[in-house]
Amino acid sequence: MTTNLISMNSPGADVRMPNPDVRFQDPATAPFASAYAGGFLLFAEGYRQSQYAARNTSGVLADAVPGSLTSPTQAQYAATPGFITFPGGIATQPMVVDRSRVSLDLSTDTFIFATIINASAPATAGFLLGNQIDTTGPGFKLIAQTNGNVQPMVTINGQNLFGNNFGGLLDGVDHRLFMAFDHKSGDVHVAIDGNPVTVMPALYDATAGGAGTRQVTDFFLGGSGIGGTAAQYPAMKLAASHLLVFRDGLSVNLPEIASRLNAAPRRPLMNVELRLSASRRAYLAVIGQSNENGSASVPDAVRARGPLLADGVRPNGGGKGSMWPRLAELAGQRDRHLMVGNYAIGSTSILHDWCGVLRAWANGMKVDKGTYTLSGGLVYKATAVPAQATASTVQPTGTAATQTGADNITWTYMAAARAQDVDGYIYPHTDAYFDPNGYFAAAKAGYDKARGYDVKAVYIALGQQDWTLGTTRAEFARGLVIATTYWRSMGARVLLGVTNYGAAGTFDQWLTSNAAATPNTSAATDTAPGVGGWWDALQSFASDPMVRPGDNARYALGILPSQASLGARAHLVPGMEGDTIHANNPAIKARAEALDAAVRAAGWW
């Protein structure tokens, strides 16, 4: 059986045609020789064929097991027809694919690895993929943990770099594991049974690894290198293993490929199933609070285009729904690859938690972790609070390093007040007191680590906690200006957004002075702190083309109906969750549409 596959790196491949639906070579003119830098296709059907050898049935890929190295035994094939069975404790029978057949160069090669796997959590951690004996050998590896999680690992220059654990694979049931490595960014994408699970951003930086990143490695399946102890080989079954290695970036329809390999794992991918890599790659760091972090009760994942981005979007996203998978899919529909770093943190204020603001101490004043207070000519920072927006009833005094009062707020002494340390002062990014909780620093570390992108930008949208803490329009605008200036100082593009409607208390009155506002209403006439302050901040950067309006979600979504009023339709149409402050899944998808429109208006991706 001969299968023509799309050329990912041939000189004649047209990768920039304007219509993404016609960006493919005819199957008859896409020779296999230029499709891959390496790889194999393995069907474990030797027992059925009485051949007792892993074989490649496509006719176009290299055999998985060269006879010169250790190969699975007849008994291993016979144990479960259709699989290669590796019983635990067989220390001399891994399946090895010689490096000459794979030649993975992690600085230049993007690859897709997919397999059917059946394994349980091992008693001792061991390698499902990789060489455990040669722990310093370069390559990409998968570790089976005793708690049932799997952890990716890359070894570069003798250094082991670990990715995030993911579950759902080691439970003694057949699963279809799909992993994709993007050499341009170092991102690792994971899907299980066709469903996106996670993207691990920038697992390692090949550009900084030197010659070590260009070393090729053997591809070990079903255990580790030859000569280990029995405990290092977890019991497992494998079948239908695909390794496709490309010199270009990831296909723009990666979720669709994962779905197809899940539905038909024993069939080679056809030419028309592999889209070329995206014509433009973008990275977006998110600064916000819970609605931006993800608080819808229904998680979301992209279904056809873009990366395998799924809730919770790393590094801060939890298990709830956010707008980021949908935003990435919308970008993918335009032949764009969008990766999102979610650094939003729930119940945070642009003043108190992110930039830093100084308040003169007064009994009953509300503070967050990170709020500065001026007391007796001294400056203190709240470094522990029972809950956000806690009322302070015990005044900090003296120069003790820390003090915790009966209100359970811990204050850390900073120093005697400087000239600028006056009531209401919002700290600029040039001040040592800026970023009291290190939230910006964490986002910057992720932003700096992101590589291989044509566009890098930051999205900022907050407000609800600023309403709780009584932030004025001038203060809110000043906070947004300081945050934007911080990112612009390092050359980042900035999208300024407005968070969505919430029914709690007087929040909507803080957000907008025009309850009937629509996307066509001019924000210039809005006098409320939220939209008005956002508008003021945008005017401060009117001459800077690298600062653009993001979504005004309050205008775009309007007043969202309550979950109670929607009844059985509560998760079918845009509305609120039961807490009256967070948007449901249809609403955050609508918000993604609004933000995508703003991105298109800016012309960034």
Side-chain angles (χ1 to χ4, degrees), residues 80 83-91 93-95 113-137 139-156 159-181 186-204 219-225 228-239 241 258 262 293-294 299 301 308-321 342 446:
T80 309
F83 286 85
I84 301 176
T85 301
F86 300 93
I90 306 299
Q93 295 295 338
M95 185 187 79
F113 172 66
T115 190
I116 302 177
I117 184 171
N118 185 316
S120 299
T124 302
F127 278 34
L128 299 174
L129 169 69
N131 186 346
Q132 181 160 327
I133 311 309
D134 180 15
T135 55
T136 61
F140 182 84
K141 307 166 186 182
L142 294 177
I143 304 170
Q145 305 284 10
T146 57
N147 63 0
N149 286 339
V150 174
Q151 186 174 34
M153 183 179 89
V154 171
T155 303
I156 296 295
Q159 179 185 7
N160 294 329
L161 306 175
F162 296 92
N164 300 104
N165 293 320
F166 62 89
L169 191 67
L170 304 181
D171 56 7
V173 177
D174 289 0
H175 288 293
R176 291 161 176 83
L177 171 65
F178 179 97
M179 303 192 73
F181 172 80
D187 298 345
V188 176
H189 303 241
V190 181
I192 296 177
D193 298 328
N195 299 311
V197 172
T198 187
V199 178
M200 301 173 196
L203 180 59
Y204 85 103
F219 208 86
F220 293 87
L221 290 165
S224 304
T229 63
Q232 292 175 314
Y233 297 85
M236 60 189 297
K237 298 188 300 181
L238 289 171
S241 298
N262 174 65
N293 176 272
L308 290 178
L309 204 61
D311 287 316
V313 175
R314 293 184 186 276
N316 292 349
K320 293 188 175 182
N342 189 352

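Bear in mind the structure is a predicted one, so any value in this text is a computation, not a measurement. The first residue in the sequence is number 1, and the count goes up from there.
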Contact summary for [X] and [Y], nearest pair of heavy atoms:
| X | Y | value |
| --- | --- | --- |
| H189 | L308 | ND1-N, 3.2 Å |
| I143 | A125 | CG2-CB, 4.5 Å |
| A123 | T146 | O-CG2, 3.3 Å |
| D174 | F83 | OD2-CZ, 3.4 Å |
| M236 | A119 | CB-CB, 3.8 Å |
| V197 | I192 | CG2-N, 3.7 Å |

Got a sec, which residues hit side chain to side chain contact (heavy atoms under 4.5 Å, CB included) with N195, two or more places apart in sequence or on another chain?
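Scan of N195 (side chain to side chain contact (heavy atoms under 4.5 Å, CB included), adjacent residues dropped) gives none.
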
Please tell me if the side chains of [X] and [Y] come closer than 4.5 Å, counting only heavy atoms from C-beta onward.
| X | Y | value |
| --- | --- | --- |
| L170 | Q145 | no |
| R176 | I116 | yes |
| L129 | T115 | no |
| L142 | L177 | yes |

To the nearest 0.5 Å, what is the distance between [atom1] ([X]) and [atom2] ([Y])?
| X | Y | atom1 | atom2 | answer |
| --- | --- | --- | --- | --- |
| F166 | M200 | CZ | CE | 5.5 Å |
| I117 | H175 | CD1 | NE2 | 9.5 Å |
| D193 | F178 | CG | CZ | 13.0 Å |

Would the distance check show the side chain of Q151 and the main-chain N or O of N164 forming a donor-acceptor pair, the cut-off being under 3.5 Å?
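Such a contact is absent between Q151 side chain and N164 backbone.
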
Going through the distances and angles, do R314 and V199 end up as a side-chain contact (heavy atoms from CB on, under 4.5 Å)?
CA-CA 7 Å; R314 293 184 186 276; V199 178; over 6 Å; no

Give the intermediate values and the outcome of side-chain contact (heavy atoms from CB on, under 4.5 Å) for residues L128 and V150.
CA-CA 9 Å; L128 299 174; V150 174; 4.1 Å; yes

A quick test of your reading: do over 12 heavy atoms of other residues, nucleotides or ligands sit less than 6.0 Å from NZ of K320?
no

Of the options D187, V188, L203, which is the one that meets F181 in a side chain to side chain contact (heavy atoms under 4.5 Å, CB included)?
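For F181, the side chain to side chain contact (heavy atoms under 4.5 Å, CB included) check succeeds only for V188.
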
